[in-house]
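Okay, so here's the structure we're looking at.
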Amino acid sequence: MKCCRMNILGFSMLVTVIFMLCLCRRADGQLTADYYATTCPNLSRVVLREVFKALLAEIRMGASLLRLHFHDCFVNGCDGSILLDGFDVVDNIKAAVENECNGTVSCADILALAAKYSVLLSGGPTWRVLLGRRDGLVSNQNGANSGLPSPFDPLSQIIAKFAAVGLNVTDVVTLSGAHTFGRARCVAFSNRLYNFSGSGAADPTLDPTLASQLRSLCPQNGDGNVTANLDQNSADLFDNHYYNNLVNNKGLLSSDQILFSGDAANTTSTLSIVQSYNGNTGLFFSQFASSMIKMGT
Ligand code: HEM
Ligand SMILES: *[C@@H]1O[C@H](CO)[C@@H](O)[C@H](O)[C@H]1NC(C)=O
Ligand SMILES: *[C@@H]1O[C@H](CO)[C@@H](O)[C@H](O)[C@H]1NC(C)=O
Ligand SMILES: *[C@@H]1O[C@H](CO)[C@@H](O)[C@H](O)[C@H]1NC(C)=O
Ligand SMILES: *[C@@H]1O[C@H](CO)[C@@H](O)[C@H](O)[C@H]1NC(C)=O
Ligand SMILES: *[C@@H]1O[C@H](CO)[C@@H](O)[C@H](O)[C@H]1NC(C)=O
Ligand SMILES: *[C@@H]1O[C@H](CO)[C@@H](O)[C@H](O)[C@H]1NC(C)=O
């Protein structure tokens with residue numbers, strides 16, 4: 001079975017299904033770390049092995065798997081309803097899990113575990129993943145994008161989108177630290193390189209040397225799918241360099257740099273949280289673990 005859903009038949013059906021899922025979830029009760037202890041005791045080992053293989057084949061996959069879990073959780077709340085079609089790696093992990101214990105583990109739980117091992121194997125912290133999520137029955141591309149933060153959103157909008165799923169300002173700054181690895185396409189940041197907001201110049205909160213490197217990578221009217229490293233410092237490691245980048249005006253996305261340089265960064269206290277993580281890996285790692293559990297719940 002692949003981790004993808006059928007298309008919606010109609011809006012009313014979608015509403016009905018979501019309503020029913022909400023009822024089920026309320027009756028379901030809490031997630032627990034030992035949810036599959038008897039039904040799939042080797043689950044963690046299998047997911048760890050599959051993520052390890054995926055990283056050996058393509059180091060970026062850790063970042064991609066973490067991002068998938070984030071998107072899954074922001075759309076209808078960690079229910080596997082994100083469109084996963086075409087993600088061979090997820091299909092491989094799912095197949096290995098089915099092989100171990102058929103028809104037992106939800107796609108949403110597999111994504112949560114894959115995200116954990118992606119971070120751990122990339123050098124980051126670990127945490128106890130709470131399990132027992134139920135997969136939704138439908139996926140919807142429009143619904144899939146509406147609640148997600150955009151790299152062009154102002155800080156207030158990003159904070160509001162996190163608040164809508166029960167995450168606060170500390171979680172915004174902490175989870176944004178996921179941009180310590182992985183890539184982003186030129187389309188996600190090239191507005192900062194040329195005539196930024198009609199100013200005739202690049203974004204003044206982007207380091208000029210980095211801006212000029214990125215202009216070579218992303219020429220105007222060039223291929224918007226070309227990618228740059230989110231972390232200029234240690235592209236594939238999960239570390240706290242993201243925050244060092246921000247204090248040096250080297251955040252790649254506008255939504256990254258505004259946490260430190262935005263007009264609202266002082267009053268919302270994102271600035272002081274960035275400073276607290278810069279140079280304190282332990283603090284960032286322990287808070288990242290808590291915020292991941294919070295997001296996954
Ligand atoms: C704060 C709001 C956020 C915004 C606006 C945002 C936006 C983006 C964008 C635009 C990209 C590049 C996508 C592309 O080029 O196709 C990206 C990549 C990524 N995001 Fe975020 N993101 C946010 C929060 C998060 C969170 C909370 C996580 C996980 C906890 C996360 C994890 C990642 C990772 C790991 C990548 C790299 C993926 C890869 O290389 O395949 N992001 N994000
Ligand atoms: C779990 O894995 C171990 C070691 O590979 C194996 O001996 C054991 O039979 C597996 N348990 C289950 C329930 O499949
Ligand atoms: C799992 O069960 C389904 C349906 O019962 C079956 O079609 C599939 O072949 C099984 N997969 C494995 C790996 O045993
Ligand atoms: C965010 O929530 C956590 C608990 O989940 C709490 O420890 C932290 O102080 C909160 N941060 C803010 C800025 O409210
Ligand atoms: C920059 O954008 C503004 C507003 O869109 C426009 O009036 C101006 O001509 C542009 N400048 C350059 C150098 O392209
Ligand atoms: C970028 O990638 C998307 C999706 O893979 C594709 O539809 C589009 O044609 C690509 N654009 C360019 C300029 O290659
Ligand atoms: C934030 O406040 C500090 C002093 O408290 C000030 O130096 C800095 O310029 C302010 N930053 C922004 C973006 O307003």
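We count ligands from 1, going down the list as the structure has it; atoms in each ligand are counted the same way. These numbers come from a predicted model, not from an experiment.
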Considering only the protein, which heavy-atom contact is closest to atom 11 (C) of ligand 1, and what is its distance?
Arg67 NH2, 3.9 Å
Ligand-side contact atoms (ligand 1) for residue partner Gly182, heavy atom cut-off under 4.0 Å
37 (C), 40 (O)
Below 4.0 angstrom from a heavy atom of Ala178, which ligand 1 atoms are there? Numbered from 1 as shown, please.
28 (C), 29 (C), 30 (C), 31 (C), 32 (C), 35 (C)
Per-atom filter on ligand 1: closer than 4.0 angstrom to a heavy atom of Ala188 are 10 (C)
How far is atom 16 (O) of ligand 1 from its nearest protein heavy atom, and which residue and atom is that?
Arg185 NE, 2.8 Å
Using every non-hydrogen atom in the two residues, find where Arg49 and Ala96 come nearest and quote the distance to one decimal.
NH2-CB, 4.3 Å
With side chain to side chain contact (heavy atoms under 4.5 Å, CB included) as the test, would you mind laying out the steps for Val172 and Thr268 before giving the verdict?
CA-CA 11 Å; Val172 170; Thr268 59; over 6 Å; no
Tell me if the CZ atom of Arg128 is crowded by more than 12 foreign heavy atoms within 6.0 Å.
no
Pro41 heavy atoms within 4.0 Å reach ligand 2 at atoms 13 (C)
Side chain to side chain contact (heavy atoms under 4.5 Å, CB included) assessment of Leu148 paired with His71:
CA-CA 7 Å; Leu148 287 173; His71 283 192; 3.6 Å; yes
Minimum-distance protein heavy atom relative to atom 35 (C) of ligand 1:
Ala63 O, 3.1 Å
May I ask you to check whether Ser255 has an N/O atom sitting below 3.5 Å from an N/O atom of ligand 1?
no
So, do Gln275 and Phe260 sit near enough that their side-chain heavy atoms are less than 4.5 Å apart?
yes
Side-chain contact, heavy-atom cut-off 4.5 Å: Asp236 with Arg183?
yes
Please write down residue, atom name and distance for the protein heavy atom closest to atom 41 (O) of ligand 1.
Ser64 OG, 2.6 Å
Over all atoms of both residues, closest heavy-atom pair of Cys73 and Gly296:
SG-CA, 4.1 Å
Which N/O atoms of ligand 3 sit under 3.5 Å from a protein N/O, and at what distances?
{"residue": "ligand 3", "atom": "2 (O)", "partner": "Asn102", "partner atom": "OD1", "Å": "3.4"}
{"residue": "ligand 3", "atom": "2 (O)", "partner": "Asn102", "partner atom": "ND2", "Å": "2.4"}
{"residue": "ligand 3", "atom": "11 (N)", "partner": "Asn102", "partner atom": "ND2", "Å": "2.8"}
{"residue": "ligand 3", "atom": "14 (O)", "partner": "Asn102", "partner atom": "ND2", "Å": "3.1"}

Considering heavy atoms of the protein only, find what lies nearest to atom 25 (C) of ligand 1 and give residue, atom and distance to 0.1 Å.
Phe70 CE2, 3.3 Å
Close side-chain approach of Phe238 and Ser118, heavy atoms under 4.5 Å:
no
Going through the distances and angles, do Leu259 and Ile158 end up as a side chain to side chain contact (heavy atoms under 4.5 Å, CB included)?
CA-CA 10 Å; Leu259 299 175; Ile158 288 172; 5.7 Å; no
Atom 3 (C) of ligand 1 has as its nearest protein heavy atom Pro149 CG, 3.7 Å
Within the 3.5 Å criterion, strictly below it, is a donor on Tyr35 or Asp109 matched to an acceptor on the partner's side chain?
no
Close approach, Phe189 and ligand 1, non-hydrogen under 4.0 angstrom
no
Side chain, backbone, both or neither: which part of Pro151 comes within less than 4.0 Å of ligand 1 when only heavy atoms are counted?
both
Polar atom proximity, Arg183 to ligand 1 (N or O, under 3.5 Å):
yes
Can you tell me if Phe52 has over 12 outside heavy atoms packed within less than 6.0 Å of its CZ?
no
Protein contact to atom 8 (C) of ligand 1 [nearest heavy atom, distance to 0.1 Å]:
Leu253 CD1, 3.7 Å
Proximal heteroatom of His179 relative to atom 21 (Fe) of ligand 1 (N/O/S)
NE2
Could you tell me if the side chain of Leu55 sits less than 4.5 Å from the side chain of Ser122, heavy atoms only?
yes
Give me the residue, atom name and distance of the protein heavy atom closest to atom 12 (C) of ligand 1.
Ala184 CB, 3.5 Å
Hey, mind stepping through Tyr242 and Phe284 against ring-ring contact (aromatic ring centres under 6.0 Å, His included) and telling me if it holds?
CA-CA 11 Å; Tyr242 173 79; Phe284 166 53; 7.9 Å; no
Where's the contact between Leu230 and ligand 1, heavy-atom distance under 4.0 Å: side chain, backbone, both or neither?
side chain
Do Asn248 and Asp207 meet the criterion of a side-chain donor-acceptor pair at a distance under 3.5 Å?
no
Output, in order, the C-alpha distance, side-chain angles, deciding distance and verdict of side chain to side chain contact (heavy atoms under 4.5 Å, CB included) for Asn249 and Ser261.
CA-CA 8 Å; Asn249 284 354; Ser261 310; 3.7 Å; yes
Which of the numbered atoms in ligand 1 are under 4.0 angstrom from any heavy atom belonging to Arg60?
39 (C), 40 (O), 41 (O)
Checking heavy atoms under 4.0 Å, the part of Val187 that sits near ligand 1 is neither
Do the side chains of Phe70 and Leu175 get nearer than 4.5 Å, heavy atoms only?
no
Any side-chain heavy atom of Leu230 sitting closer than 4.5 Å to one from Phe181?
no
Under a 4.0 angstrom heavy-atom cut-off, which atoms of ligand 1 come close to Phe162?
1 (C), 2 (C)
Please could you name the atoms of ligand 1 that Ser176 approaches to less than 4.0 Å, counting only its heavy atoms?
1 (C)
